[in-house]
Structures are given as structure tokens and as C-alpha cells.
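Some notes on the structure that comes next.
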Amino acid sequence: MNLMNLLPLPELASAHGYKIDFIIYVVHGLMFALFVGWALFILYVLFRFHRRRHPKASYHGIHTHWSTGLEVFIAIFEVALLVGLSIPFWSSHVDAAPNRTDTVELRVVGEQFAWNVHYPGADGVFGKTDIIHIDQQSNPLGIDPNDPHGKDDITSPNLHLPIGRPAYIHLTSKDVIHCFSLPVMRVKQDVIPGMSIPVWFTPTKTGEFEIACAQLCGLGHYKMRAGLIIHSDEDFQSWLDEQAAASAVEYDDFFN
Ligand SMILES: [Cu+2]
């Protein structure tokens with residue numbers, strides 16, 4: 001039996017995900033060892049200090065101080081791990097965005113209770129957005145109609161990505177705190193109004209998956225889900241072309 005199949009983890013579809021899974025297994029393994037160790041210890045104590053062996057309670061207890069020394073040592077060891085290892089490791093990796101030219105860059109904006117995906121279009125530049133331009137039906141992202149960079153932008157209620165290229169996503173929210181969760185990508189990041197927070201990952205499987213909101217954000221939280229569609233490179237390009245053609249028509253209707 002493969003030990004790695006003991007936990008019911010979701011399907012894995014990203015390049016970095018196996019590292020997250022590894023940590024999950026290591027943590028579960030350590031917690032199991034701790035559980036077994038403490039269970040054995042309590043059995044030993046029940047036997048060792050049974051009433052028949054010690055009919056009279058000792059009100060003095062132990063007289064040595066080695067356990068105090070041990071506790072101090074453990075506390076110092078843990079602070080050293082945190083300050084010397086974990087914090088430097090985290091700070092050197094937290095901003096390590098993929099340094100590649102084939103990155104797909106986009107924005108995802110959460111709202112009660114939907115996701116809006118914003119692609120920069122053919123020019124590769126996001127159009128300006130402002131809350132005053134938001135129209136829930138025709139312009140949910142509030143793209144500025146006077147900004148030429150916005151003319152070719154594409155918006156979608158679902159997240160479409162190509163396989164094998166790093167997706168670099170700027171996350172923000174229109175209203176309250178949401179959480180952008182892609183279980184199959186092992187990606188989960190809080191989405192905070194007023195902040196733009198980047199996440200990145202590389203899909204390794206084509207198919208249709210799910211985006212969920214992992215932060216209780218209101219009455220409709222349960223229905224705040226959307227599709228995550230991973231295409232082959234050619235399919236992704238043709239999807240983009242289709243969307244570009246469709247939104248060009250929409251813009252003509254709307255602004256002329
Ligand atoms: Cu939400």
C-alpha cells in the first residue's frame with residue numbers, strides 16, 4: 001500500500017502541489033507519532049502510579065529540576081527554528097515570482113458572490129478600472145471606457161488558463177474579504193479589498209476544475225464558485241480569440 005494515498009487529498013494539477021502534499025503528510029505523520037507517544041506515556045503512568053502501588057499520595061512530588069531545564073532548551077530550540085530557519089526561508093520565497101517570458105498574467109476580482117476574471121487582451125496591458133464605471137451587467141470590473149488599453153480587455157466569470165505556463169494572478173476584492181481557493185492547484189489566498197495580492201502556479205493537467213471561496217463572506221458564500229478550465233496551448237489561444245471577437249462586438253454596442 002502506498003502511504004501517500006492514506007489521506008483523501010483532491011486531485012493534483014499543479015507543478016508545485018506535490019511539495020504542499022508532502023508537508024501535509026509530514027505534519028500528519030509527526031502528529032501521529034506524537035499521539036502514539038503520549039498514549040504510551042499515559043498507559044505507563046496509569047500503571048506506574050496505580051493506587052495499589054501508592055496507597056498514600058505524595059504531596060511533595062519530584063525534587064529534581066531537569067524538566068525545567070528541558071523546557072527552557074525546547075523553547076530556545078523552537079525560537080531558533082522560527083527565527084533562524086522559517087522566517088528567512090519564507091521571506092526569500094514569498095516574492096519569488098516566476099522569472100519567465102511565457103507567463104499568463106491576469107487579475108481576479110472577488111465580489112459577493114462571484115469571481116470576475118480580467119485578461120489584458122492583445123496589448124498585454126490592463127485597462128484602468130474604477131469603481132465609478134462598474135455596472136453589474138455590462139461592466140462588472142469597472143473598466144474605464146476612455147482608456148485605450150481597456151478596449152481589448154477580456155472579462156470572464158470563469159478562469160481559463162493554458163497548461164504548462166505559469167499563471168500570475170493579481171487578486172483583489174470589491175467588497176469584503178474572500179479567499180481564492182483552487183484545491184487541485186494547491187493554491188489558497190485571502191482576497192482583501194484595497195489590496196492587490198499576487199499568486200502564481202503552473203497547471204500540469206488539462207480539464208475542468210473548480211474555484212471556491214474559502215472565507216465565509218456572507219449569506220451567498222456557499223454559491224461563490226466558478227469554473228477553472230485548463231486548456232491546451234492552442235485551445236487557450238482560440239478561446240482568447242473567441243472572447244476578443246465577442247467583447248469587441250459588445251464594446252461597439254455599448255460605447256457607440
Ligand atoms: Cu467569498
Side-chain angles (χ1 to χ4, degrees), residues 7-17 19-21 23-24 27 90 94-95 97-98 103-121 126-144 150 153-162 166-203 205 207-231 236 239 243 247 250:
L7 297 175
L9 293 178
E11 188 181 354
L12 176 61
S14 71
H16 75 279
K19 295 182 191 167
I20 306 267
D21 289 3
I23 293 285
I24 291 173
V27 168
W90 170 252
V94 70
D95 294 327
T103 306
V104 183
E105 195 172 350
L106 53 132
R107 299 173 65 231
V108 171
V109 181
E111 68 177 62
Q112 288 173 316
F113 299 96
W115 298 101
N116 300 286
V117 186
H118 183 185
Y119 296 84
F126 294 104
K128 277 200 210 84
T129 59
D130 195 307
I131 200 159
I132 59 168
H133 301 298
I134 289 179
D135 178 291
Q136 279 308 94
Q137 293 308 313
S138 59
N139 192 359
L141 281 150
I143 297 171
D144 185 344
D153 286 15
I154 293 164
T155 62
S156 165
N158 297 305
L159 176 54
H160 292 255
L161 291 171
Y168 191 87
I169 305 178
H170 305 272
L171 296 168
T172 192
S173 167
K174 283 191 204 175
D175 37 42
V176 299
I177 297 177
H178 300 280
C179 183
F180 181 69
S181 171
L182 309 177
V184 296
M185 299 298 164
R186 306 295 191 269
V187 165
K188 192 176 272 178
Q189 172 61 53
D190 272 4
V191 177
I192 299 172
M195 286 180 78
S196 178
I197 304 175
V199 292
W200 55 89
F201 56 91
T202 306
K205 266 186 200 168
E208 292 187 16
F209 308 105
E210 192 179 67
I211 309 177
C213 179
Q215 179 70 267
L216 186 56
C217 57
L219 277 178
H221 166 65
Y222 69 94
K223 63 173 181 180
M224 191 170 165
R225 55 211 283 253
L228 165 64
I229 299 100
I230 308 300
H231 299 272
F236 179 65
W239 178 80
Q243 299 302 307
S247 68
E250 261 174 48

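When a residue number appears, it is its place in the shown sequence, counting from 1. Order of appearance sets the numbers: ligands from 1, and atoms from 1 within every ligand. Quick caveat, the model's predicted, so the values are computed rather than measured.
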key: Step-by-step side-chain hydrogen bond (donor to acceptor under 3.5 Å, both in side chains) determination, His178 to Gln112   = CA-CA 9 Å; His178 300 280; Gln112 288 173 316; 5.8 Å; no

Is there a donor-acceptor contact under 3.5 Å from the side chain of [X] to the main chain of [Y]?
X	Y	result
Lys205	Leu12	yes
Tyr119	His160	yes
Thr172	Met195	yes

task = Could you check whether the rings of Tyr168 and His170 sit parallel, tilted or perpendicular, using 30° and 60° as the cut-offs?
result = perpendicular

key: Heteroatoms of the protein, restricted to N/O/S, which lie under 2.8 Å from the Cu ion (ligand 1)   = His178 ND1, Cys213 SG, Cys217 SG, Met224 SD

request  = State the NE2-OG1 distance between His118 and Thr129, to the nearest 0.5 angstrom.
outcome  = 7.0 Å

